[in-house]
Amino acid sequence: MGGGVGAILRPAAWSCLQTVQKLSQRRDISSWLNRWFPKTPAKSVVAQKTPIKVELVAGKTYRWCVCGRSKKQPFCDGSHFFQRTGLSPLKFKAQETRVVALCTCKATQKAPYCDGTHRSERVQKAEVGSPL
């Protein structure tokens with residue numbers, strides 16, 4: 001009878017162990033996902049306190065840096081991903097070939113274009129590399 005009871009409990013114990021392992025794997029995956037894709041994105045940081053003038057070519061698609069961490073300002077170099085900011089670049093297509101001022105303080109209300117916000121006391125007092 002002792003062998004019979006053990007035989008009955010083993011499948012149940014095995015099932016329980018499998019359930020615990022599955023839950024553990026889910027936690028591992030979710031913690032990995034949270035680390036790489038945070039639910040609350042980081043704040044943008046001030047890359048520079050003046051805009052950058054660039055010539056945009058009609059029909060060309062650009063990726064403007066939203067996070068402020070790119071070394072290729074005002075455009076994205078992927079830093080937002082590798083620094084796990086949860087932010088994504090702003091993708092836009094130039095309607096015409098022209099020179100424009102693109103924001104690097106990351107506080108503009110007309111992204112990706114400069115609206116003069118960099119002149120505000122708040123931006124001027126902020127340190128480059130720090131969030132507003």
Side-chain angles (χ1 to χ4, degrees):
M1 208 174 195
V5 171
I8 294 172
L9 290 177
R10 282 191 191 129
W14 179 251
S15 175
C16 182
L17 178 62
Q18 286 178 322
T19 302
V20 168
Q21 286 175 336
K22 285 179 185 176
L23 288 172
S24 176
Q25 288 173 346
R26 283 187 196 142
R27 266 189 247 122
D28 290 344
I29 289 170
S30 67
S31 66
W32 179 86
L33 286 171
N34 287 337
R35 199 168 55 244
W36 279 94
F37 304 102
K39 289 183 177 136
T40 52
K43 289 189 174 194
S44 298
V45 298
V46 176
Q48 295 178 18
K49 295 184 185 182
T50 57
I52 293 178
K53 289 185 179 180
V54 295
E55 182 177 18
L56 301 180
V57 178
K60 186 173 177 184
T61 300
Y62 297 90
R63 293 173 45 218
W64 178 71
C65 172
V66 169
C67 73
R69 292 162 176 86
S70 173
K71 302 293 183 223
K72 295 182 178 182
Q73 288 296 326
F75 301 110
C76 176
D77 68 0
S79 294
H80 66 278
F81 180 76
F82 296 108
Q83 294 184 26
R84 304 178 194 149
T85 65
L87 298 169
S88 296
L90 174 69
K91 190 173 165 183
F92 70 100
K93 187 181 245 182
Q95 300 303 312
E96 59 184 338
T97 299
R98 66 184 177 130
V99 175
V100 297
L102 295 182
C103 175
T104 59
C105 75
K106 309 305 172 186
T108 183
Q109 297 298 305
K110 296 182 179 182
Y113 307 102
C114 174
D115 66 359
T117 305
H118 64 276
R119 293 186 204 111
S120 71
E121 187 176 336
R122 185 182 94 175
V123 173
Q124 290 301 313
K125 284 187 175 182
E127 290 196 31
V128 170
S130 67
L132 288 178

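Just so you know, these numbers use all the heavy atoms, side chains as well, and skip hydrogens, waters and symmetry mates. Predicted model only: the values in this text are computed from it and were never measured.
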Q | Value rounded to 0.5 Å, distance of SG in C65 from CD in Q73 | A | 4.5 Å

Q. How long is the gap from CZ on F75 to OH on Y62, to the nearest 0.5 Å?
A. 6.0 Å

Q) Which atoms form the tightest heavy-atom contact between P74 and L102, and what is the distance? A) CG-CD1, 3.7 Å

(Q) Are more than 12 heavy atoms, taken from residues, nucleotides or ligands other than K49, located less than 6.0 Å from that residue's NZ atom? (A) yes

Q.
Checking the side chain of Y113 only, and the main-chain atoms of T108 only, is there a donor and an acceptor separated by less than 3.5 Å?
A. no

Q) Run the side-chain contact (heavy atoms from CB on, under 4.5 Å) check on K91 and T61 step by step: do they pass? A) CA-CA 7 Å; K91 190 173 165 183; T61 300; 3.6 Å; yes

Q) Going from NZ on K53 to SG on C114, what distance comes out if it is rounded to the nearest 0.5 angstrom? A) 10.0 Å

(Q) When you measure from the side chain of K106 to the backbone of P131, do you find a donor-acceptor pair of N or O atoms at a distance under 3.5 Å? (A) no

Q: Dump the intermediate steps for side-chain contact (heavy atoms from CB on, under 4.5 Å) on V100 and V54, then the final yes or no.
A: CA-CA 6 Å; V100 297; V54 295; 4.2 Å; yes

(Q) Strictly distance-based, threshold 3.5 Å: is any side-chain N or O of T104 a donor or acceptor partner for the main-chain N or O of T50? (A) yes

Q.
With side-chain contact (heavy atoms from CB on, under 4.5 Å) as the criterion, how do H118 and C103 come out once you've worked through the C-alpha distance, each side chain's angles and the decisive distance to 0.1 Å?
A. CA-CA 8 Å; H118 64 276; C103 175; over 6 Å; no

Q: For R98 and E96, indicate whether the former's side chain and the latter's backbone hold a donor-acceptor pair under 3.5 Å.
A: no

Q) Distance-only, no hydrogens or angles: does the S70 side chain make a donor-acceptor pair with backbone N or O of D77 under 3.5 Å? A) yes

Q: Kindly say whether V66 contributes a backbone atom to a donor-acceptor pair with the side chain of S44 at under 3.5 angstrom?
A: yes

(Q) Whether the side chain of Q124 engages the backbone of R122 through a donor-acceptor N/O pair (distance < 3.5 Å, no angle test) should be reported. (A) no

